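A note on names: the letters A, B, ... follow the listed sequences, proteins ahead of strands, and every chain is numbered from 1. Side-chain atoms are counted along with the backbone in the values below, which use heavy atoms only and exclude waters and symmetry mates. The structure presented is a predicted model; accordingly, all values stated were derived computationally and were not measured.
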Amino acid sequence: MEEKRAEIRSIIMNTSSLPTLPGIISKLNALSENDKTSVQEMARLVSSDQVLSARILKLANSPSYGFYKVSTISNAMILLGVNVVKSLALSSSIFEIMEKNSLGLWEHSLGAGVAANIIARRLKLPECEEISTAALLHDIGKVIIRLNFGDDYQKLLELIRKKEITILDAELELLGMDHTEVGAWLVKSWFLPDKLIEPISCHHNVAAASSHQVKASVVHFADILIKTSGFGFSGDDFVPIIQPVAWETLGMTEPILAEIVEEMEDKLVDTKNFSLEIQTVDEE
Amino acid sequence: MQKIPLLLAEPDMVLARDIYRDDNANGPPICGRGVALTDSLIERLKRMGVQTISVEGHPVRMDGDKNLEEILSALERRFKKAGNDPLTGRLKEIYRAHYMKSFGEYGGREES
């Protein structure tokens, strides 16, 4: 069984199996590593790819960030920061796949971004946009897993779901790894910073986070809240247990949580509209 | 709170959100939250081209909408794995209260 798991691991974590990323991404990476590169130069590079720009702007305008109308890549970079725009650029092709094949997951991810944004703002945390981005990306590992296993995997998952276990437990049982590991590996391969990697990797195990436990706690809560609301579908219908370490790290209280829930339920109406509008645009 | 097409608006429904002009979304609202609708107000909103509004409660039964009972039992099912966990239980209670409030009497009118 161990050998089978190792084999599965090597299939999943094989960069050549990833959806092709435009060449611009590696150029962008190179530019952003260089301190002397200006935001305008990076914006110009990204804007030169219309398809990519459109995808980034679509994500930048999602309710996860709460900005009124981000119309250019430069604006996106200024409002959201370079890290966020880079993340959106890198993950855009995965989100396209998610939207096409796993609409429920796409809505779950959007909703998690919204929830994380609300939590981060309520608690006056720094780097709200990065936290929202981590939440948006938290389940991309599931897309990669599914890409590599297709129908067989789906059938087996169905069966396991009938046993009423969570998708996390199903992944561990079937593959010996879970979507947090795969997701973290993916964003690491994109050279995204730790503050984005850790919340993705630790959203189901906040205690494992080190420098970014606050961000991981927010994503943990965002995931739980959005599952409670029933918005979208992340693979199973069960609300995970709130880990005490997350509760304590954020200094959460019941009144604050109640306010967050009110605000989130309100914003989810917009988020549903956003998701529907986006789909209509894509169909054109 | 429920977002409904203006066509389904009726007097005594109470606005849950401010309504803004389309051409001046950053300006002052046409109509503020908490205002109870009247026939003339609804007409005015129609003339101004307002398409949807958000009202308190859940006064309109639309296709596919669940009733409170269905929503609460779906909530229970979702929390099955969380069992008796105290923190998670608090979240469930918050949501129960939220649903009960949002399905409450619309219009904020007291029964006389």
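In summary, of the residues considered (A:Glu198, A:Glu130, A:Glu129, A:Glu127), a salt bridge (charged side-chain N to carboxylate O under 4.0 Å, His left out) with A:Lys215 occurs for A:Glu127 alone.
When only modelled atom types and interatomic distance are considered, A:Ser62 and A:Ser64 share a side-chain donor-acceptor pair under 3.5 Å. Between the side chains of A:Thr133 and A:Tyr65, at least one donor N or O sits under 3.5 Å from an acceptor N or O.
Pairs engaging residues 206-239 of chain A under the ring pair (Phe, Tyr, Trp, His ring centres under 6.0 Å) rule: none recorded [sequence neighbours left out].
At a 4.5 Å heavy-atom cutoff, the contact between B:Leu75 and chain A is made by side-chain atoms alone. Of the atoms belonging to A:Pro240, it is backbone heavy atoms, and not side-chain ones, that fall under 4.5 Å from chain B.
With sequence neighbours excluded, the residues that form a side-chain hydrogen bond (donor to acceptor under 3.5 Å, both in side chains) with A:Ser102 are A:Arg146. Looking at residues two or more places apart in sequence or on another chain, you find no side-chain hydrogen bond (donor to acceptor under 3.5 Å, both in side chains) involving A:Glu248.
For the pair A:Gln213 (side chain) and A:Val206 (backbone), a donor-acceptor distance under 3.5 Å is present.
Within residues 249-268 of chain A, the residues having any heavy atom closer than 4.5 Å to a heavy atom of chain B are A:Glu254, A:Leu257, A:Ala258, A:Val261, A:Glu262, A:Met264, A:Glu265, A:Asp266, listed by residue number.
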